[in-house]
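Notes follow once the structure below has been shown.
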Amino acid sequence: MIEKTQRGRCVGGKSGLRRPSRKEGTKRSYSSKPHSQKTSRKASRKTYSKTYSKATAGKVRIIPIGGVEEIGRNMTVVEYGDDIVVIDAGLQFPEEETPGIDFIIPNTKYLEAKKDKIRGLIISHGHLDHVGAIPYLIDKLGNPTIYATKLTKAIIMKRQEEFPHSPKIDVQEITSESKVKMGKNLRAKFFDITHTIPDAIGITIETPLGNVVYPGDFKIEVDAKGNPENIEPYISLGKEKNLLLLMESTNVEMPGFSMSEKTVRENLERIFKATKGRIIVGTFSSQIERIIEMLKIAESLGRKVFIDGYSMKTNIEIAKELKLFVPRKDTLVSIDKIDDYPPEKIMAICTGAQGEKNASMMRIANKKHKYIKIHPNDTIVLSSSVIPGNEKSIQNLKDNLARQGARIIHNKVEDIHATGHAYSEELKMMMKMIKPKFFVPIHGHYFMLKTNADLAESIGIPKENIIAPMANGIIIETDGNKIQPTKETVPANYVMVDGLGVGDVQEVVLRDRQMLSQDGIFVIITVIDAQSGKVRNSPDIISRGFIYLRESQDILKQTRYLIKKTVEEATGKMHPVNIDYVKTLLRERIAKFLFQKTKRRPMVLPVLIEV
Ligand SMILES: [Zn+2]
């Protein structure tokens, strides 16, 4: 999903230092629920020690490895006989339950075990939820050939530069005309689709049982008369034997048709034309098509364009290199020259329309931007939607900009943002054009997949021919007559990227982080006489994020007393002293006591020093 790809921290930033490690998550499934660790550890051992079954002879196997319990980290496997094709390798941005994590990527254990069968990795388009995991996992997959269109390839190669230690990758350029043999049984071909980034492509995998069709992220634009545009490729594909359609579900809950990008362009042009002072636009850097349109409008109005934000600059550079647009020589001007031009000649296009902490727009709002200070005559255009979860930061952003006197135009007052993902009528239209025998919705939370499955049923696909994957890692098999999930599943839990580590942050680490963020930490340092078992001196206590010690002398005093009592009662009959036992006892007693006193549950860490 395009919007999602822009959330959180700048992808270019810290990642430059990162290098994939070989370590990997070892648990079966991540759960934020407490006490589940034991069972999941056990399950993990079982899952990982076994070898995976072969695809049943004569059956097509589909495995959504990522992207069906979430929006992001898309990866789908198509398997037949000895041949495997992998589609997309995306990342997901962290959630509330994964504090401190940079990205979440698909778990590729299944593919690692079968890497000699992987005939290629095909990438549908250049958004991070489709390409972002490549640097972290391409090596583990045995460095297969990557197939991508021109722009997608350029984006992959550019990103690869940030990972100097990862192996040299082989990216073959494809177009909608290409046909690629993928092993003995499979062949890939492609079709043009409409999304918010140029060069997005749909994928058809020809199998002995018929086509597996994957349009990827798409929308259907309609013209002024309400007629759908650019649907010829789907209609012609619909004449073939289409076994199965894998279809995205991002906007399945939205009724009707999505707004056309043309409408957005017209509205932006009208607003830009009517604006006298400086124009400062905030949008998603992944909206490459719209950014190009804005550049063209700026040229027609005689405005210079100042691009700001790392990902925005990178994308514009790539688009320019590939001649997706050819700006006039003097259109693009470096941001440090912005004050050299009169306000009516200025259009700045910036990252950070979601209120991302260090992005350009937020720095402007917080008066921390080196070159852009808000003037009362500035017009700020937020050409973006509000991604759920970002409401508060966007509110802050708007408040701070407004305080400085700027006029703000956002997508609630003007139609200046359109999604890149089909609404329900567009999804139905695609199903009707492709006419698949079987339907498997992907890309979304389960409820969204189920809603998409219902849509398919409503247009006449029999219920028994539809499977909405309950979870990532499900194996779906079809012999061409029937479709069903197998009993076996493959590992599909979160693999987390945190700083330099890939997959080395475990569930237990996350639980600690959550606990620390909720009630803080309480450290007790106690010196014990190894001979007598008596506590020497008064125990030291360190508290962070729990209570302010200076104002909690009473609790401190009682805690010290309880520590001494607990330790000495326990060690009284112990020779020698069993430190581990004393520690556990101390942790339990003190935690209980603190909870009674405060109704809070800090992490209690006893440190016992024997002398
Ligand atoms: Zn996309």
Side-chain angles (χ1 to χ4, degrees), residues 54-65 74-89 110-111 114-125 130-131 134 138 141-150 152-153 156 169-193 199-218 232-248 430-431 433-440 442 475-481 483:
K54 270 184 79 156
T56 317
K59 286 189 180 179
V60 169
R61 182 177 259 207
I62 304 286
I63 311 171
I65 285 197
N74 299 309
M75 180 177 258
T76 310
V77 171
V78 180
E79 187 173 356
Y80 185 95
D82 271 343
D83 299 318
I84 290 178
V85 173
V86 185
I87 300 175
D88 285 333
Y110 177 77
L111 291 170
K114 292 191 170 191
K115 64 180 167 194
D116 56 318
K117 296 185 168 49
I118 299 175
R119 308 299 169 219
L121 166 63
I122 306 176
I123 304 293
S124 62
H125 64 283
H130 296 258
V131 303
I134 293 174
I138 195 71
L141 302 185
N143 207 357
T145 302
I146 300 172
Y147 297 92
T149 55
K150 198 172 181 182
T152 311
K153 177 180 175 180
I156 294 169
I169 54 170
D170 168 28
V171 188
Q172 297 285 324
E173 201 173 303
I174 47 158
T175 69
S176 55
E177 305 295 312
S178 309
K179 290 193 164 80
V180 185
K181 203 166 165 11
M182 311 288 260
K184 217 169 79 193
N185 303 294
L186 305 174
R187 199 163 76 134
K189 55 185 187 178
F190 311 93
F191 51 98
D192 289 318
I193 55 128
D199 255 7
I201 206 153
I203 299 158
T204 304
I205 307 293
E206 294 176 345
T207 79
L209 304 182
N211 294 336
V212 174
V213 180
Y214 175 98
D217 291 357
F218 75 96
E232 298 75 23
Y234 317 140
I235 292 173
S236 91
L237 183 57
K239 293 182 185 129
E240 298 184 20
K241 187 184 176 192
N242 293 324
L243 178 73
L244 189 148
L245 174 62
L246 288 158
M247 197 163 78
E248 70 142 320
M430 182 65 99
M431 296 173 194
M433 287 187 285
I434 302 293
K435 301 191 201 76
K437 174 151 192 178
F438 300 114
F439 181 72
V440 175
I442 50 173
I475 300 177
I476 298 168
E477 278 191 349
T478 174
D479 58 1
N481 295 311
I483 189 163

Look only at the side chain of [X] and the backbone of [Y], and say whether a donor-acceptor pair between them is shorter than 3.5 Å.
X	Y	result
N185	D83	no
R119	K184	no
D199	T152	no
N74	D88	no
K54	T56	no

Hey, are the side chains of [X] and [Y] touching, using non-hydrogen atoms and a 4.5 Å cut-off?
X	Y	answer
I134	I123	yes
I122	I205	yes
I193	Y234	yes
V212	V85	no
V78	Y214	no
R61	V77	no

Report the distance from atom [atom1] of [X] to atom [atom2] of [Y], rounding to the nearest 0.5 Å.
X	Y	atom1	atom2	value
L246	I476	CG	CD1	8.0 Å
K179	T204	NZ	OG1	10.0 Å
K435	L237	NZ	CG	9.5 Å
H125	H130	NE2	NE2	3.5 Å
I118	N143	CD1	CG	10.5 Å
T207	E79	OG1	CD	12.5 Å

For [X] versus [Y], what's the shortest heavy-atom pair and its separation?
X	Y	result
K59	Y80	O-CD1, 3.4 Å
G58	L209	O-CD1, 3.4 Å
P144	G120	CB-CA, 4.4 Å

By salt bridge (charged side-chain N to carboxylate O under 4.0 Å, His left out), which residues pair with [X], not counting sequence neighbours?
X	result
D192	none
E206	R187, K189
K115	none

request  = Could you tell me which residues satisfy side-chain contact (heavy atoms from CB on, under 4.5 Å) with P215, sequence neighbours excluded, listed by chain and number?
outcome  = F191, V213, F218, L245, M430

task = Applying side-chain contact (heavy atoms from CB on, under 4.5 Å), name anything that partners K437, two or more places apart in sequence or on another chain.
result = N465, N481

request  = Applying side-chain contact (heavy atoms from CB on, under 4.5 Å), run through V60 and L244 and close with a yes or a no.
outcome  = CA-CA 10 Å; V60 169; L244 189 148; 5.8 Å; no

message = Among I87, I442, L111, which residue satisfies the side-chain contact (heavy atoms from CB on, under 4.5 Å) criterion with M75?
response =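 With M75 as partner, side-chain contact (heavy atoms from CB on, under 4.5 Å) holds for just one option, L111.
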
message = Assess the residue pair I483 and V440 against the criterion (side-chain contact (heavy atoms from CB on, under 4.5 Å)); give the C-alpha distance rounded to whole Å, side-chain angles, the decisive distance to 0.1 Å, and a yes or no.
response = CA-CA 10 Å; I483 189 163; V440 175; 4.2 Å; yes

request  = Go through the structure and list residues passing ring-ring contact (aromatic ring centres under 6.0 Å, His included) with F190, not counting sequence neighbours.
outcome  =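 Here no residue qualifies.
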
query = For atom NZ of K117, is the number of surrounding heavy atoms from other residues, nucleotides or ligands below 6.0 Å larger than 12?
reply =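 Count over threshold, so yes.
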
